[in-house]
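Following: one structure in structure tokens, then a few remarks.
Computed from a predicted model, the values in this text were never measured in an experiment. Whatever order the structure lists ligands and atoms in, that order sets their numbers, starting from 1. Quick note: residue numbers are just sequence positions, from 1.
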Amino acid sequence: MKLKDQVALITGSARGIGKEIATTFAKEGATVIISDINTESAEATSTELNEQGFSSCSLACDVTSMQSVEEMVNKILDKYKRIDIVVNNAGITKDNLLLRMSENEWDAVLTVNLKGTFNCTKVISKVMLKAKKGKFVNIASIIGIVGNAGQSNYAASKAGIIGFTKSIAKEFASRGITANAVAPGFIQTEMTEKLSDKAKEAIFKNIPLGSLGTPQDVAGACLFLASSDADYITGQTIVVDGGMAM
Ligand code: NDP
């Protein structure tokens with residue numbers, strides 16, 4: 001029970017990696033807030049967790065809107081009076097080669113991935129500063145470290161998250177608040193399921209551990225950073241990529 005009695009908010013947690021992080025945290029005793037732009041799906045995930053005997057609630061939130069984030073945070077504080085852990089997980093891709101990339105594709109990815117992380121961190125840091133404790137875990141990507149053709153918007157947003165994380169780690173360190181990032185590589189999700197066998201083979205060749213990662217692999221790194229085991233770790237990025245980028 002590494003997160004007993006902790007209140008953890010995970011953005012974009014109705015499905016995918018965020019849902020797995022929420023499930024892992026709930027199993028470790030946290031009350032998890034399933035926050036997502038997709039309200040129905042967030043409710044379904046929260047119901048699923050509560051039916052398994054865990055503690056959760058769902059809240060609609062579009063991380064790109066400061067107003068939406070403020071409303072969500074007020075509801076959490078009304079209900080639970082505290083927020084101990086935030087995982088900034090909500091993220092999207094809109095891939096294109098730079099010459100074909102529209103301004104909308106650039107803006108959409110930067111706004112959800114980077115501004116969304118800024119919005120949630122800014123609002124919730126006030127709560128944590130008062131409490132003199134808290135943990136931010138920001139989901140970056142290996143693409144933010146090594147880059148990828150066709151993903152300049154995504155790579156910029158994720159590299160931005162890594163720089164943002166280091167900066168807030170320095171701002172908040174003296175106040176008992178840590179901020180770290182997790183940078184997943186290729187993870188088995190709906191997105192990677194669509195890849196052809198040939199494409200997967202090519203990917204496997206570049207992964208020393210020889211397989212795709214799982215959402216559980218990412219959730220395990222998040223759990224470590226959100227728990228007291230990582231109290232003396234801040235401003236770091238844990239890469240979860242099977243050794244691909246080393
Ligand atoms: P998914 O697309 O499966 O899940 C993302 C969730 O975020 C969805 O429920 C989505 O809602 C929600 N969302 C989208 N926009 C917003 C918004 N504006 N406000 C709130 N919620 C929003 O993604 P993954 O689980 O694959 O990825 C999760 C994180 O991990 C992302 O940050 C991603 O960049 C990162 N990552 C993923 C990798 C992978 O291999 N999958 C690899 C490296 C990093 P909706 O259902 O409506 O779209």
Side-chain angles (χ1 to χ4, degrees), residues 9-24 33-46 48 58-73 86-95 105 107-121 123 136-148 151 153-162 164-165 181-195 199-200 203-204 207 211-222 237-242 244-245:
L9 164 71
I10 301 105
T11 66
S13 51
R15 66 186 171 103
I17 292 171
K19 180 179 176 182
E20 189 58 41
I21 296 168
T23 307
T24 301
I33 289 113
I34 308 297
S35 153
D36 206 284
I37 198 167
N38 187 331
T39 318
E40 279 176 24
S41 180
E43 269 175 25
T45 296
S46 173
E48 204 180 305
S58 68
L59 284 174
C61 176
D62 175 355
V63 295
T64 67
S65 155
M66 190 59 108
Q67 194 189 333
S68 179
V69 170
E70 280 169 349
E71 284 169 7
M72 168 187 66
V73 170
V86 176
V87 183
N88 282 304
N89 166 78
I92 61 166
T93 52
K94 287 200 183 292
D95 299 349
E105 286 168 336
D107 285 346
V109 170
L110 269 290
T111 307
V112 176
N113 298 6
L114 191 52
K115 189 179 174 219
T117 299
F118 161 76
N119 286 345
C120 293
T121 306
V123 175
F136 288 103
V137 180
N138 298 329
I139 307 300
S141 166
I142 195 64
I143 303 303
I145 297 172
V146 299
N148 196 21
Q151 288 197 305
N153 50 358
Y154 186 74
S157 74
K158 295 300 188 177
I161 285 176
I162 292 170
F164 175 79
T165 303
V182 172
F186 279 99
I187 305 299
Q188 267 168 34
T189 57
E190 282 169 32
M191 188 179 79
T192 44
E193 266 166 31
K194 286 180 206 148
L195 293 171
K200 277 187 194 159
I203 291 169
F204 288 162
I207 302 177
S211 62
L212 296 180
T214 63
Q216 291 91 316
D217 291 323
V218 180
C222 293
T237 300
I238 297 189
V239 176
V240 182
D241 72 343
M244 190 171 68

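The line from OG1 of Thr11 to CD1 of Ile33 is 12.0 Å long, rounded to the nearest 0.5 Å. Atoms CD1 and CD1, on Ile139 and Ile10 in that order, are 10.0 Å from each other to the nearest 0.5 Å.
Here the closest non-hydrogen pair linking Ile21 and Cys222 is CD1-SG, 3.8 Å. When all heavy atoms of Ala14 and Asp36 are compared, the closest pair comes out as N-OD2, 3.1 Å. Across all non-hydrogen atoms, the minimal contact from Thr237 to Ala183 is CG2-CB, 3.8 Å. Nearest heavy atom pair, residue Ile207 against residue Asp241, reads CG2-O, 3.9 Å. The heavy-atom pair separating Ser157 from Val109 by the smallest distance is OG-CG1, 4.0 Å. Considering all non-hydrogen atoms of both residues, Met72 and Ser35 come closest at SD-OG, 3.4 Å.
The ligand atoms of ligand 1 that sit less than 4.0 angstrom from a heavy atom of Gly16 are 3 (O), 25 (O). The Gly185 neighbourhood of ligand 1 comprises atoms 40 (O), 42 (C), 43 (C), with distances under 4.0 Å to a heavy atom of that residue. Short contacts between ligand 1 and Thr189, defined as distances under 4.0 Å to a heavy atom of the residue, involve ligand atoms 26 (O), 41 (N). Of all atoms in ligand 1, listed by their number and element, those nearer than 4.0 Å to a heavy atom of Asp62 are 17 (C), 18 (N), 19 (N). Heavy-atom contacts of Ile139 reach the following atoms of ligand 1: 29 (C), 30 (O), 35 (C) (cutoff under 4.0 Å). Atoms of ligand 1 found under 4.0 Å from any heavy atom of Tyr154 (numbered from 1 in listed order, with element): 33 (C), 34 (O), 35 (C), 36 (N), 43 (C), 44 (C).
When the side chain to side chain donor-acceptor pair (under 3.5 Å) test is applied to Asn38, no partner is found at least two apart in sequence or on another chain. Contacts of Glu48 classified as salt bridge (Lys or Arg N to Asp or Glu O under 4.0 Å), with partners at least two apart in sequence or in another chain: Lys19.
Using a 4.5 Å cut-off on side-chain heavy atoms (C-beta onward), Cys61 and Val69 make contact.
The heavy atom nearest to atom 1 (P) of ligand 1, considering only Arg15, Glu40, Met72, is found in Arg15. Checking Thr45, Ile92, Ile17 against atom 14 (C) of ligand 1, the nearest heavy atom belongs to Ile92. Of all the listed residues (Ile37, Val87, Asn89), Asn89 holds the heavy atom that lies closest to atom 32 (O) of ligand 1.
Considering backbone and side-chain atoms together, Ser141 places no N or O closer than 3.5 Å to any N or O of ligand 1. The shortest N or O to N or O distance between Ile187 and ligand 1 is under 3.5 Å. Residue contacts with ligand 1: Thr64 is placed with no nitrogen or oxygen under 3.5 Å of a nitrogen or oxygen of the ligand (distance criterion only). Residue-to-ligand polar distances keep Gly18 apart from ligand 1: every N/O pair is separated by 3.5 Å or more.
Taking a 6.0 Å sphere around NZ of Lys200, one finds it holds more than 12 heavy atoms contributed by other residues, nucleotides or ligands.
Residue Lys158 touches ligand 1 through its side chain alone, judged by heavy-atom distances below 4.0 Å. Contacts of Ala140 with ligand 1, taken as heavy-atom pairs under 4.0 Å, involve the backbone alone. Heavy atoms of Cys61 found under 4.0 angstrom from ligand 1 belong exclusively to the backbone.
At a 4.0 Å cut-off, not a single heavy atom of Ala183 sits close enough to ligand 1 to count as contact. Ligand 1 has no atom lying under 4.0 Å from any heavy atom of Ala42. Ligand 1 lies out of reach of Glu20, whose nearest heavy atom is not under 4.0 Å from it.
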